[in-house]
Amino acid sequence: MYCASVFSLVWIFINGNSAGEKTFQANGSEGDFETSKATCSQAGGLLASPRNSAENTAIQQIVVRHNKAAYVGINDIETEGSFKYLSGEAIGYSNWAGGEPNNLGTEDCVEIHSDGKWNDRSCNEKRLIICEF
Ligand code: GMH
Ligand code: CA
């Protein structure tokens, strides 16, 4: 237990993916929004849901490391234009790219790019799975 904790802290320090109480992890696997959500939940976590700029930066670093955009745990599936966390709570922080969200066609999910900016996107693309624990 002690060694595992020390290892985690060193790993998190080196990889720079910690923000406050959360740790963010990816293993390179990809999935659409539902698969990403289910994968994180099966691992005992949650699809990464940035609630402030420190968390957003930690997630962004993982996107950069894998060179692949990721879904975040935010969507407006229930009510168009009303973006919520997976808990159903309205988002309290956002980092939209210029001109987003534009709901092009129908875009109810949110992807984070290597610049850390968000784009509303179809829930059916394949994206890097990043979980928070
Ligand atoms: C349009 C344009 C792009 C933008 C995409 C994106 C799709 O094609 O506004 O600049 O990147 O939409 O919002 O999700
Ligand atoms: Ca969009």
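First listed ligand is number 1; within each ligand, the first listed atom is number 1. Below, each value reflects all heavy atoms present in this structure, side chains not excepted, and no hydrogens, waters or symmetry copies.
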### Distance (rounded to the nearest 0.5 Å) between Gln25 CD and Cys40 SG
10.0 Å
#### Entry: Ile91, Asp108, Leu86 screened by side chain to side chain contact (heavy atoms under 4.5 Å, CB included) with Ile74, the one that passes
Ile91
### Task
Scan residues 42-65 for pairs that pass ring pair (Phe, Tyr, Trp, His ring centres under 6.0 Å), counting only residues two or more places apart or in two chains.
none
### Task
Taking 3.0 Å as the upper limit, name the protein N, O or S atoms near the Ca ion (ligand 2).
Glu100 OE1, Asn102 OD1, Glu107 OE1, Asn119 OD1, Asp120 O, Asp120 OD1
### Task
Look at Arg51 together with Glu89 and state whether they make a salt bridge at an N to O cut-off of under 4.0 Å.
yes
### Query
Under 6.0 Å from the six-membered ring centre of Phe33 and within 45° of its axis: does the NZ or CZ of Arg127 meet both?
no
### Query
Can you tell me if Asp115 and Gln60 form a side-chain donor-acceptor pair at under 3.5 Å?
no
### Task
Can you tell me which residues line ligand 1 if we count any heavy atom under 4.0 angstrom from one of its atoms, in chain and number order?
Glu100, Asn102, Leu104, Glu107, Asn119, Asp120, Arg121
Please list, one pair per line, the donor and acceptor atoms closer than 3.5 Å that link side chains of residues 92-99 to other protein atoms, with sequence neighbours excluded.
unit_1 : atom_1 : unit_2 : atom_2 : d
Asn95  : OD1    : Lys117 : NZ     : 3.1
Asn95  : ND2    : Gly116 : O      : 2.8

### Query
Do Asp76 and Asp120 come within less than 4.5 Å of each other through their side chains, counting heavy atoms only?
no
#### Entry: Student check: side-chain heavy atoms of Asn56 and Trp118 closer than 4.5 Å
yes
